[in-house]
Amino acid sequence: MEKTHPIRELMDKESLTCLSVSHDWRSGRICWRASYEWDDSISWADYQKTFTIESCLAASPRYFGHATVLEMFGSNGSEDVRKEIEELLKAGRHQGIDFFREPSFDITFMNNMHSNILGIRNGMHAIRAGGIRRHPLADPEMEVIVDGLNLARAMSFKNGAAEIPFGGCKCTVHSDEISMGDMERLGFLAYCLDRSRFFTGPDMGFPPELADVFHEHFTANITGGKKGPLGPTGTPTAYGVYLAIKAAAEFRYGDPHLREKKVLIQGLGAVGYPLAELLIKKERCPLIVSDVDEAVIQRLKQDFPEADVTEVDPGVVLDTPADIFAPCAMGGIISDEEIPRLKYDIIFGSANNVLAAHSQEEEIALAKRLAERDILYQVEWVHNIAGVMAGYEEYMHGEEADRGRLYAHIERVCGEGVRENLREAERLGITPTEYAYRKIEKRIYPDLTPSS
Ligand code: NAD
């Protein structure tokens with residue numbers, strides 16, 4: 001029978017707390033390491049009080065090198081899993097993954113690292129930036145790994161497009177729901193976050209309060225809390241997506257006004273709801289909305305009784321025609337299979353990794369298929385990046401973070417930046433997705449050939 005949680009099984013069987021794989025995309029070298037670094041008597045709530053990331057937390061720590069870890073995969077019948085992870089790292093040109101495990105909580109913390117190139121010389125503790133997302137334990141582990149790696153790759157490009165000096169990563173936490181009062185589990189997550197050298201912000205599966213609790217008790221390497229100077233990132237992200245939709249409409253229809261345009265929004269969460277608000281208040285355009293949570297749709301209708309809002313079942317979103325489709329829920333929703341039946345002029349939303357692709361090449365190929373169907377689309381990391389900009393503003397300036405400076409940054413990148421991306425792609429006769437990759441990839445994958 002296929003194992004659904006092979007890494008968890010291997011780490012628990014071999015009593016490993018840490019498992020790492022590093023990949024050098026230039027040479028193709030892969031290196032595995034593993035260790036036992038903490039005893040089960042550790043009180044994680046005491047992180048930063050009685051111990052730090054440098055402390056020794058095991059009476060008898062153990063460390064294992066590449067060959068031994070390969071043997072562990074072999075003797076656990078998980079060779080295929082190891083190879084699959086290695087293939088994913090190669091396809092996405094990722095730096096690696098660190099797995100941290102606390103078996104007593106049944107939590108696996110995965111630090112999916114794509115690149116540190118933009119951040120390695122930034123002089124901060126954090127050299128990468130990316131959100132922290134939770135997947136329920138019922139999700140198969142490989143799905144969690146694939147999601148984390150895809151999101152990490154997108155983060156490198158997002159940070160490049162947002163012009164911020166951090167590499168890209170994404171943290172995925174595979175666990176049951178974690179209460180914001182559970183200081184043991186939260187202490188463990190904060191310890192793993194600090195060891196991973198990135199700064200983060202709460203993503204799906206975690207509330208904004210995570211950032212507030214972390215700040216108060218454990219670490220400054222998180223932004224976007226309710227008590228933070230700029231608040232949660234959903235609202236600025238929605239503003240960036242809104243500006244990008246208007247730029248796309250101007251490009252497509254010669255007019256940025258959306259009054260006559262039907263916009264379909266999938267997901268009315270932290271980003272989708274304020275996006276709907278902006279479209280209603282500023283554009284008065286008809287909306288079609290869909291959410292698995294009926295209550296948020298009712299809330300929108302109650303908040304805006306005059307607005308033209310219709311509702312569609314989540315199962316038929318991709319069969320519902322509209323002028324503009326704004327996916328604002330999960331990613332991976334558009335593959336070769338769906339493209340022939342889509343009836344939209346424009347697809348611009350906030351959801352990360354909208355196209356079901358595992359590499360830049362696959363993503364560019366799918367974007368081309370959309371262009372062949374005359375659908376205007378650009379990879380979302382060009383415009384769903386205002387949350388990252390807000391995180392950067394808060395991380396660098398703390399309580400001095402400035403909303404005016406942030407919104408000017410958003411308008412430059414998500415307004416003018418998007419117009420430039422669409423214009424230049426058209427001039428070169430390529431898709432906006434391909435142009436965006438060409439523009440940023442030189443910085444993410446620089447030619448490091450030593451000078452002679
Ligand atoms: P969220 O969890 O607050 O909202 C998601 C919404 O989608 C929820 O209301 C949920 O009920 C709904 N949903 C889930 N499955 C659905 C389905 N099958 N059909 C319709 N609705 C469904 O998340 P969010 O923060 O709003 O993020 C939405 C997307 O935007 C995610 O892909 C996220 O990674 C991305 N994103 C978010 C931010 C941010 O700042 N929050 C920034 C950049 C990108």
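Atoms within each ligand, like the ligands themselves, are counted from 1 in listed order.
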(request) Going by heavy-atom distance to atom 6 (C) of ligand 1, choose the closest among Gly269, Gly332, Pro208. (result) Gly269

(request) Taking all heavy atoms of Thr237 and all of Gly387, pick out the closest pair and write down the distance. (result) OG1-N, 3.1 Å

(message) Using salt bridge (charged side-chain N to carboxylate O under 4.0 Å, His left out), reason through Asp203 and Lys170 one step at a time and then give a plain yes or no.
(response) CA-CA 10 Å; Asp203 192 80; Lys170 188 88 179 189; 3.3 Å; yes

(request) Decide yes or no for Cys171 and Phe198: does some side-chain heavy atom of the first lie under 4.5 Å from some side-chain heavy atom of the second? (result) yes

(request) Go through ligand 1 atom by atom and flag the ones less than 4.0 Å from a non-hydrogen atom of Gly234. (result) 40 (O)

(message) For the 3.5 Å polar cut-off, considering only N or O atoms, please tell me whether Met204 and ligand 1 meet it.
(response) no

(request) Give the numbers and elements of all ligand 1 atoms closer than 4.0 Å to a heavy atom of Val292. (result) 11 (O), 13 (N), 14 (C), 15 (N), 16 (C), 17 (C), 18 (N), 20 (C), 21 (N), 22 (C)

(request) Measure the distance from atom 31 (C) of ligand 1 to every protein heavy atom, then report the residue, atom name and distance (to 0.1 Å) of the closest one. (result) Ala329 O, 3.1 Å

(request) For the pair Tyr445 and Trp25, name the ring-plane relationship: parallel under 30°, tilted 30 to 60°, perpendicular over 60°. (result) perpendicular

(request) Return the residue, atom name and 0.1 Å-rounded distance of the protein heavy atom closest to atom 43 (C) of ligand 1. (result) Asn384 O, 3.4 Å

(message) Just to confirm my output: which protein heavy-atom neighbour is closest to atom 18 (N) of ligand 1, and how far is it?
(response) Met330 CE, 3.3 Å

(message) Suppose I only count heavy atoms of Thr233 and a 4.0 Å limit; which atoms of ligand 1 are within that range?
(response) 39 (C), 40 (O), 41 (N)

(request) Would you mind telling me if ligand 1 is within reach of the side chain of Ile385, the backbone, both or neither, using heavy atoms under 4.0 Å? (result) neither

(request) Starting from atom 25 (O) of ligand 1, find the nearest protein heavy-atom neighbour and note its residue, name and distance. (result) Ala270 CB, 3.5 Å

(message) I want to know if ligand 1 touches Gly387 in the polar sense, i.e. an N/O pair below 3.5 angstrom.
(response) no

(request) Specify whether Tyr47 and Phe218 have parallel, tilted or perpendicular ring planes, treating 30° as the upper limit for parallel and 60° as the lower limit for perpendicular. (result) parallel

(request) Examine ligand 1 and decide if any of its atoms is less than 4.0 Å from a heavy atom belonging to Arg133. (result) yes

(request) Please could you name the atoms of ligand 1 that Pro314 approaches to less than 4.0 Å, counting only its heavy atoms? (result) 19 (N)

(request) Report the nearest protein non-hydrogen atom to atom 28 (C) of ligand 1: residue, atom name, distance rounded to 0.1 Å. (result) Cys328 O, 3.2 Å

(request) With heavy atoms under 4.0 Å as the rule, classify the contact between Lys158 and ligand 1 as side chain, backbone, both or neither. (result) side chain

(request) Verify salt bridge (charged side-chain N to carboxylate O under 4.0 Å, His left out) between Arg412 and Glu163, making sure each step is shown before the conclusion. (result) CA-CA 11 Å; Arg412 181 159 50 82; Glu163 300 162 7; 2.8 Å; yes

(request) Could you pull out, from Ile265, Val271, Asp291, Leu151, the option with a heavy atom nearest to atom 21 (N) of ligand 1? (result) Asp291

(message) Using a 4.0 Å heavy-atom cut-off, which part of Ser350 comes near ligand 1: side chain, backbone, both, or neither?
(response) both

(message) Under 3.5 Å between any N/O of Thr237 and any N/O of ligand 1: does that happen in this structure?
(response) yes

(request) Output yes when Lys83 and Glu86 qualify as a salt bridge under the 4.0 Å nitrogen-oxygen rule, no when they do not. (result) no

(request) Please confirm whether the backbone N or O of His94 pairs with a side-chain atom of His23, one donor and one acceptor, at under 3.5 Å? (result) yes

(request) Name the orientation class of the two ring planes belonging to Phe348 and His383 (parallel below 30°, tilted from 30 to 60°, perpendicular beyond 60°). (result) parallel

(request) Look at Asp106 together with Arg101 and state whether they make a salt bridge at an N to O cut-off of under 4.0 Å. (result) yes

(message) Looking at Glu416 and Arg423, is any side-chain nitrogen of the basic one under 4.0 Å from a carboxylate oxygen of the acidic one?
(response) yes

(message) Between Glu434 and Lys368 (salt bridge meaning N to carboxylate O under 4.0 Å), is one present in this structure?
(response) no

(request) Specify the protein heavy atom at minimum distance from atom 33 (C) of ligand 1: its residue, its atom name, and the distance to 0.1 Å. (result) Asn352 ND2, 3.7 Å

